[in-house]
There are 2 protein chains.
Amino acid sequence: MATIAVENYLKHVLLLSAGSDDLVSMGALASAVAVVPGTATTMVKALADEGLVEHQPRHGVRLTPEGRRLALNVLRKHRLVETFLVNVLKMDWAKVHAEAEQLEHAISDEVLDRLDALLGHPQTDPHGDPIPSRQGKLSSQVYATLATCVTDRGVRIVRITEQSPEFLQFAEQNGLQPGTTVRVTDRNVPAGLVTLKKSGGRALALSIVAAGKILVEPAR
Amino acid sequence: MATIAVENYLKHVLLLSAGSDDLVSMGALASAVAVVPGTATTMVKALADEGLVEHQPRHGVRLTPEGRRLALNVLRKHRLVETFLVNVLKMDWAKVHAEAEQLEHAISDEVLDRLDALLGHPQTDPHGDPIPSRQGKLSSQVYATLATCVTDRGVRIVRITEQSPEFLQFAEQNGLQPGTTVRVTDRNVPAGLVTLKKSGGRALALSIVAAGKILVEPAR
DNA sequence: GGCCTTATTTTGATTAGTCAAAATAAATCT
DNA sequence: AGATTTATTTTGACTAATCAAAATAAGGCC
Ligand SMILES: [Mn+2]
Ligand SMILES: [Mn+2]
Ligand SMILES: [Mn+2]
Ligand SMILES: [Mn+2]
């Protein structure tokens, strides 16, 4: 059985490689799992011995098919648990990430399946993050963000790519959640500012960096 | 934060001391947590240093008030999780114990409270085991068992004190679950045999040992 | 090409939890 | 009481995971 630490490393390699199959740097991995770089190196070498990752010393890591399979299963647990916590237990969507970080290692595949059924086989979690399918398929659709999308046109928020409670709470308070339609009224790059309006709401200003964390699609 | 190992030790000291406040022997504790006796000694000394147990060398352990508080919280999580798994996810009651053994260490107090509310503040889990209250009160009601109760009188099953999947599956298959009313038709101590009948069912034989694991109360 | 900066790896220690097997104390049995 | 059996503790060793700090390699810059 993979330990909790192993599951966390694999999951973060998956998240950091983001669709593409290029190498994940040690530094990025270390800071994602919140360990010192040397620790990541040690662990990655152990994972490579187990055949879960491929390690190119001095360059980075990537998942093997087996490592990817495990990582996807953990990610599926994480996101289904988040969905359960929000949809069934009515928890604050800003808090469920920390909760799921633990639970993803404690639930069995059977509980996973039953949760999935109870929730009606959701495609995304409460933040719009895609839930890997039981067969290990993970949607990697590319979206525009509030920092890059067309202006003066309605766009629908599909995903918030940031787990910090602070950001999520801010988004919630301003109604920036998956499903909401907004319109970018102004984008001032030198000032690093994006201004937007919810249909029938008042204006809201956001930094370009913050806007870049909110994925959108054209509102049909 | 208490580690998973610490939580397990504390929970088992609580279960083994069963209401009374006498000492739990090292041997019993070691086999409950499935470690070698020396390991239990080492851990108990560490727990004593943390003020979670009182260790009387060569005689045994008992929980301090603080250790008891922690242990009750873990036990509450365990039993509420079991209840959730059976009542909401419709899992087999024979399998939920193993599942809860992991989950009891992964859920936060907030999730605990929400689960409790979702389930309607149950008093017992699916096996009839009492669920400690949020304030740390644990019912210690004493019941007769099918090995000791009156014969030829209806008795209602209130609890199965045995977690093994085999036993629970056997009990389920024969309709021996909390709530069911049965009647002991014969008890042959020398032969070590108990015979009983479900109201309107056929006879069923059980060893005295097995019968002793099924707690009952007079059916009014 | 050589130097400098930065990322990565190595080395040496530490902590939590565990086991095997030897040592010791307590109980039990002649 | 003395001997034997049984439970507990001690000792020494091991694994997984981590950090601090020194050593090393890459990549970019003059
Ligand atoms: Mn995690
Ligand atoms: Mn999410
Ligand atoms: Mn447990
Ligand atoms: Mn139970």
Side-chain angles (χ1 to χ4, degrees), chain A residues 1-18 22-63 66-67 70-71 74 101-102 104-106, chain B residues 1-18 22-63 66-67 70-71 74 101-102 104-106:
Chain A
M1 243 323 105
T3 65
I4 291 177
V6 165
E7 290 188 344
N8 279 330
Y9 278 94
L10 294 177
K11 188 188 67 175
H12 281 113
V13 174
L14 175 67
L15 291 173
L16 290 169
S17 64
D22 26 77
L23 294 171
V24 171
S25 80
M26 269 336 192
L29 179 57
S31 94
V33 302
V35 294
V36 117
T39 301
T41 300
T42 306
M43 182 54 122
V44 161
K45 286 205 291 186
L47 294 177
D49 286 347
E50 305 250 315
L52 299 173
V53 302
E54 180 190 337
H55 180 205
Q56 311 221 313
R58 236 93 214 187
H59 291 89
V61 232
R62 77 162 51 91
L63 295 172
E66 174 64 0
L70 286 177
V74 176
E101 206 52 56
Q102 304 307 313
E104 65 189 358
H105 313 292
Chain B
M1 240 328 104
T3 64
I4 292 177
V6 165
E7 290 189 344
N8 279 329
Y9 279 93
L10 293 176
K11 187 188 67 174
H12 280 113
V13 174
L14 174 67
L15 291 173
L16 290 169
S17 64
D22 27 78
L23 295 171
V24 171
S25 79
M26 268 340 192
L29 179 56
S31 93
V33 303
V35 294
V36 116
T39 301
T41 299
T42 306
M43 182 54 123
V44 161
K45 286 205 291 185
L47 294 177
D49 286 347
E50 305 249 316
L52 300 173
V53 303
E54 181 190 335
H55 181 203
Q56 311 220 313
R58 235 94 216 187
H59 290 92
V61 233
R62 76 161 54 88
L63 295 171
E66 174 65 0
L70 286 176
V74 176
E101 206 53 55
Q102 304 306 313
E104 66 189 358
H105 313 292

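Excluded from the calculations below are hydrogen atoms, water molecules and symmetry mates; all remaining heavy atoms, backbone and side chain alike, are included. Owing to the predicted nature of the structure, the values given are computational and were not obtained by experimental measurement. A note on names: the letters A, B, ... follow the listed sequences, proteins ahead of strands, and every chain is numbered from 1.
In this structure, the separation between CD on B/E66 and CG on B/L10 is 9.5 Å, given to the nearest 0.5 Å.
C/dT15 atom P lies 13 Å from atom CD of B/E50, rounded to whole Å. Between B/M26 atom CE and D/dT9 atom P there is a gap of 5 Å when expressed in whole angstrom units. Rounded to a whole Å, the NZ atom of B/K45 is 4 Å from the P atom of D/dT10. Rounded to a whole Å, the CG atom of B/L47 is 13 Å from the P atom of D/dT9. For the pair B/L23 CG and D/dT8 P, the computed distance is 11 Å after rounding to whole Å. Regarding B/H105, its NE2 atom lies at a distance of 18 Å from the P atom of C/dA16, rounded to whole Å. The interatomic distance linking A/Q56 (CD) with C/dA7 (C1') rounds to 16 Å, in whole Å.
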List the steps and the verdict of side-chain contact (heavy atoms from CB on, under 4.5 Å) for A/H105 and B/H105.
-> CA-CA 10 Å; A/H105 313 292; B/H105 313 292; over 6 Å; no
Nucleotides 13-25 of chain D: protein proximity per nucleotide (B base, S sugar-phosphate only, - neither; heavy atom, under 4.0 Å) | ----SBBS---BS
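Contact detail for A/L29 and A/Y9: the closest heavy-atom pair is CD1-O, 4.0 Å. Across every non-hydrogen atom of A/H55 and A/A48, the tightest pair is CB-CB, 4.2 Å.
Contact annotation: the side chain of A/I4 never approaches that of A/Q102 to less than 4.5 Å [non-hydrogen atoms, C-beta and beyond].
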Would you list the atom pairs, donor with acceptor, under 3.5 Å between side chains in residues 35-46 of chain A and any protein atom, with sequence neighbours excluded?
unit_1: A/T41; atom_1: OG1; unit_2: A/P37; atom_2: O; d: 3.3
unit_1: A/T42; atom_1: OG1; unit_2: A/G38; atom_2: O; d: 2.9

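An OP1 or OP2 oxygen of C/dT9 is reached within less than 4.0 angstrom by no side-chain nitrogen or oxygen of A/H59.
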